[in-house]
Amino acid sequence: MVAEAAQGPAGSATHDVTNQPPPLVPYDASDDAALLEGLRREGAGWAEEDVRRLGTRAGSAEAQEWGEQANRHEPVLRTHDRYGHRVDEVEFHPGWHHLLRTAVEAGLAGSAWADERPGAHVARTAGGLVWGHTDTGHGCPTSMTYAAVPTLRAQPELAEVYEPLLTSREYEPGLRVPTGKRGLLAGMGMTEKQGGSDVRTNTTTATPTGEPGVYTLRGHKWFTSAPMCDVFLVLAQAPGGLSCFLVPRVLPDGSLNAFRIQRLKDKLGNRSNASSEPEFDRTVAWLVGPEGRGVKTIIEMVNCTRLDCVMATATLMRRTLVEAGHHAGHRTAFGARLLEQPLMRHVLADLALESEAATTLTLRLAGAADRAVRGDDGERAFRRIATAAGKYWVTKRGPAFTAEALECLGGNGYVEDSGMPRHYREAPLLSIWEGSGNVNALDVLRALGREPGSAEALFAELALARGADARLDAAVASLKTELAGADQFGARRLVERTALALQAALLVRHAPHAVADAFCASRLGGDWGHAFGTLPAGTDVDTILNRALPGLA
């Protein structure tokens, strides 16, 4: 009886719940000035209505729940059916399929290649910047499908059959004969245990059959994501050297191709997406491009997916900034809203600068990709060096950014229910995927050494902002000096400065003065600390926050 009395009446409340922010949903993921301005500037203003519609859907309670459920209920590998037959299938939560279906229907997979309107690739990137507010994992198969199309064009007879299906806006999951489906998704298999990014050490062999262009593969792959895609671009050693092949999961006669999934990776983040280790044994494959030119053939796919790494990081930045701003706008401490506290405003403004710079660069890279596809050699050269530099720097900033945004929520941000831990775990992947920092830094050096047009295109872009900011002019002059003596030891420093100069030049030309001035003062002028929230005195924080968080600041 004593214990019962201490416990009190069943169901009684011990306190009122106060000073907790309301749920963020619904919100508009496209309510971002930097995004919409970049969309118009890079030639895809015609897609604004679609992007806004997708942004509203991304911030809906339903879509946010899809992302949450797809990550809580992770993919499950089924190697055999109940009778013992090998099936090698991966089961996903329905939320995954809802996310992926929406993405494909919105044109975030391969459909931009079938759209002749200038700016189609920019529109796709802008769509990714808003729909990615739901979940990053399902962006893997859409990204690889997008990237597979230009590589497949190296083999016109294969492209004629598969490109219309890869550019379709129909999502049709399940293992069936590819040509019998309304739409396809593509993956890729490059890395192996012994080599990782050093794909020239691949040991998977490709043996020609009696049929022209048809080979059988034997070997393994170490990190093949989205194994339920319909076709895969794979590197293997043919008699003529490392070559690129198209591997279908289901053969034209309806039988399963040998694609034996040994296990799914137990990853830090990106939990909604299945990453696998497949083995090949007499696996049927079709040659894409010439024998011995596998890296050159598949490199276009890598360029596309690197852009999507930048895009996904910019999306995570924006998503977590919105969450942090929402919390600060509704939480009080020491007699005032957090958003009214000078130090919190300082932190959020610094994050807002980083977010806008990442988004603006992402859309500029998408614009370059779009114009390169349409025959602009200058944009092709710029894209070559700027995408590698942007991939290096923006994705490096992702983990620090998401950690700071999480901290804005305090302990509330550290619990899974907030969603912030999921975003934080996601961020490091984007620096690793499609080449770690060192690989991208070396790629920039390679472009500078072997493709002189890349450096010319880079400085032509930077010259568009000449004279607008003395700190930027000094940074560009210093960069030219550094390029003359570029080597591996200084590669990271060089690429970091290249990316910062590009971001600063774009902001000086296109962003409000308060944004560009604060970015140049901190990132180029050295008036900055080692953590977010250390901008120089006199920074116009109000203008920066009113632009980044309209309705809150």
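Quick note: residue numbers are just sequence positions, from 1. Hydrogens, waters and symmetry mates are skipped; everything else that's a heavy atom, side chains included, is used.
Within the 3.5 Å criterion, the main-chain N or O of A63 finds no donor-acceptor partner in the side chain of T134. Proximity of a side-chain donor or acceptor of S60 to a complementary backbone N or O of P26 within less than 3.5 Å is not detected. The main-chain N or O of Y414 is never found under 3.5 Å from a side-chain atom of S418 such that the two would form a donor-acceptor pair. With hydrogens and angles ignored, the 3.5 Å screen pairs no side-chain donor or acceptor of S111 with any backbone N or O of T167. The main-chain N or O of V214 is found under 3.5 Å from a side-chain atom of T209 such that the two form a donor-acceptor pair. With hydrogens and angles disregarded, no donor-acceptor distance shorter than 3.5 Å links the side chain of S168 to the backbone of P164. The backbone N or O of P278 sits nowhere less than 3.5 Å from a side-chain atom of Q262 that would complete a donor-acceptor pair. Judged by distance alone, the side chain of N303 and the main-chain N or O of R384 form no donor-acceptor pair under 3.5 Å. No donor-acceptor distance shorter than 3.5 angstrom exists from the side chain of N257 to the backbone of L251, with no hydrogens or angles considered.
Taking the charged nitrogens against the carboxylate oxygens, E277 and R263 do have a contact shorter than 4.0 Å, which makes a salt bridge. With respect to the salt-bridge test (charged N to carboxylate O, under 4.0 angstrom), the residues R319 and E323 qualify. Ion pairing between R72 and D417 holds under the 4.0 Å rule for side-chain N and carboxylate O. Salt-bridge check for R383 with D376: failed, with every basic side-chain N at 4.0 Å or more from each acidic carboxylate O. One finds no salt bridge joining K267 and E74 here, because no Lys/Arg side-chain nitrogen approaches an Asp/Glu carboxylate oxygen to under 4.0 Å. Salt-bridge check for E434 with K391: failed, with every basic side-chain N at 4.0 Å or more from each acidic carboxylate O.
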Checklist entry - Which is it for D253 and S255 under the side-chain hydrogen bond (donor to acceptor under 3.5 Å, both in side chains) test, yes or no, and what are the steps along the way? => result CA-CA 6 Å; D253 65 3; S255 63; 2.6 Å; yes
Item to check | side-chain contact (heavy atoms from CB on, under 4.5 Å) assessment of W96 paired with H138 | outcome: CA-CA 7 Å; W96 165 272; H138 77 284; 3.7 Å; yes
Item to check | Full working for side-chain contact (heavy atoms from CB on, under 4.5 Å) between Y146 and L108 | outcome: CA-CA 8 Å; Y146 170 69; L108 306 188; over 6 Å; no
Item to check | Residues W46, R117; criterion side-chain contact (heavy atoms from CB on, under 4.5 Å); working and verdict | outcome: CA-CA 9 Å; W46 50 265; R117 291 174 292 183; 3.1 Å; yes
Item to check | Derivation of the side-chain contact (heavy atoms from CB on, under 4.5 Å) call for H97 and L100 | outcome: CA-CA 5 Å; H97 294 293; L100 201 47; 5.7 Å; no
Checklist entry - Taking it one step at a time, do R380 and E451 satisfy salt bridge (charged side-chain N to carboxylate O under 4.0 Å, His left out)? => result CA-CA 11 Å; R380 182 179 293 108; E451 303 172 38; over 6 Å; no
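Within 6.0 Å of NZ in K296 there are 12 or fewer heavy atoms belonging to other residues, nucleotides or ligands. For CZ of R446, the number of neighbouring non-hydrogen atoms (other residues, nucleotides, ligands) closer than 6.0 Å is greater than 12. The 12-atom threshold is exceeded at CZ of R41, counting heavy atoms of other residues, nucleotides or ligands nearer than 6.0 Å.
In this structure the side chain of L363 reaches within 4.5 angstrom of the side chain of V122, judged on heavy atoms. Side-chain contact between E163 and V149 is present, with heavy atoms from C-beta onward closer than 4.5 Å. Taking 4.5 Å as the limit, some side-chain heavy atom of L287 sits within range of a side-chain heavy atom of S243. At least one side-chain heavy atom of M420 sits under 4.5 Å from a side-chain heavy atom of H423. In this structure, T201 and E192 have side chains that are not in contact, with every pair of non-hydrogen atoms separated by 4.5 Å or more. Taking 4.5 Å as the limit, some side-chain heavy atom of M188 sits within range of a side-chain heavy atom of T305. Contact check for P290 versus T297: side-chain heavy atoms found under the 4.5 Å cut-off. Counting heavy atoms from C-beta on, the side chains of E62 and V25 never come closer than 4.5 Å.
Stacking of K265 on the aromatic ring of W222 is recorded, both the 6.0 Å distance cut-off and the 45° axial limit being met.
Once rounded to the nearest 0.5 Å, the distance linking CD of E48 with CG of D50 reads 10.5 Å. Note: D28 CG to L54 CG = 10.0 Å, rounded to the nearest 0.5 Å. Atom CD in E89 sits 10.0 Å away from atom CG in L77 (nearest 0.5 Å). Here the straight-line distance linking atom OG of S225 with atom CG of L429 works out to 7.5 Å at 0.5 Å rounding. Residue K221 holds its NZ atom at 12.0 Å from CD of E279, rounded to the nearest 0.5 Å. Here the straight-line distance linking atom CG of L256 with atom OG1 of T283 works out to 11.5 Å at 0.5 Å rounding.
When each of D443, T395, T387 is paired with R306, the side-chain hydrogen bond (donor to acceptor under 3.5 Å, both in side chains) condition holds for D443 and for no other.
Ring geometry, Y83 versus H85: the interplanar angle falls from 30° to 60°, so the pair is classed tilted. Using the six-membered ring where Trp is involved, F280 and F259 have ring planes that are tilted, between 30° and 60° apart.
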Between side-chain atoms of residues 226-242 and protein atoms elsewhere (two or more places apart, or another chain), which donor-acceptor pairs fall under 3.5 Å?
{"from": "D230", "atom 1": "OD1", "to": "K181", "atom 2": "NZ", "distance (Å)": "2.5"}
{"from": "D230", "atom 1": "OD2", "to": "L185", "atom 2": "N", "distance (Å)": "2.9"}
{"from": "Q237", "atom 1": "OE1", "to": "L242", "atom 2": "N", "distance (Å)": "3.3"}
{"from": "Q237", "atom 1": "NE2", "to": "R200", "atom 2": "O", "distance (Å)": "3.4"}
{"from": "Q237", "atom 1": "NE2", "to": "N202", "atom 2": "O", "distance (Å)": "3.0"}

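Nearest heavy-atom pair across N440 and G435 is ND2-O, 2.7 Å.
Judged purely by distance below 3.5 Å, without hydrogens or angles, the side chains of H133 and Y27 pair a donor atom with an acceptor atom.
For R364, the salt bridge (charged side-chain N to carboxylate O under 4.0 Å, His left out) partners two or more places apart in sequence, or in a different chain, are E379, E461.
Between H93 and W66, the gap from one ring centroid to the other reaches at least 6.0 Å.
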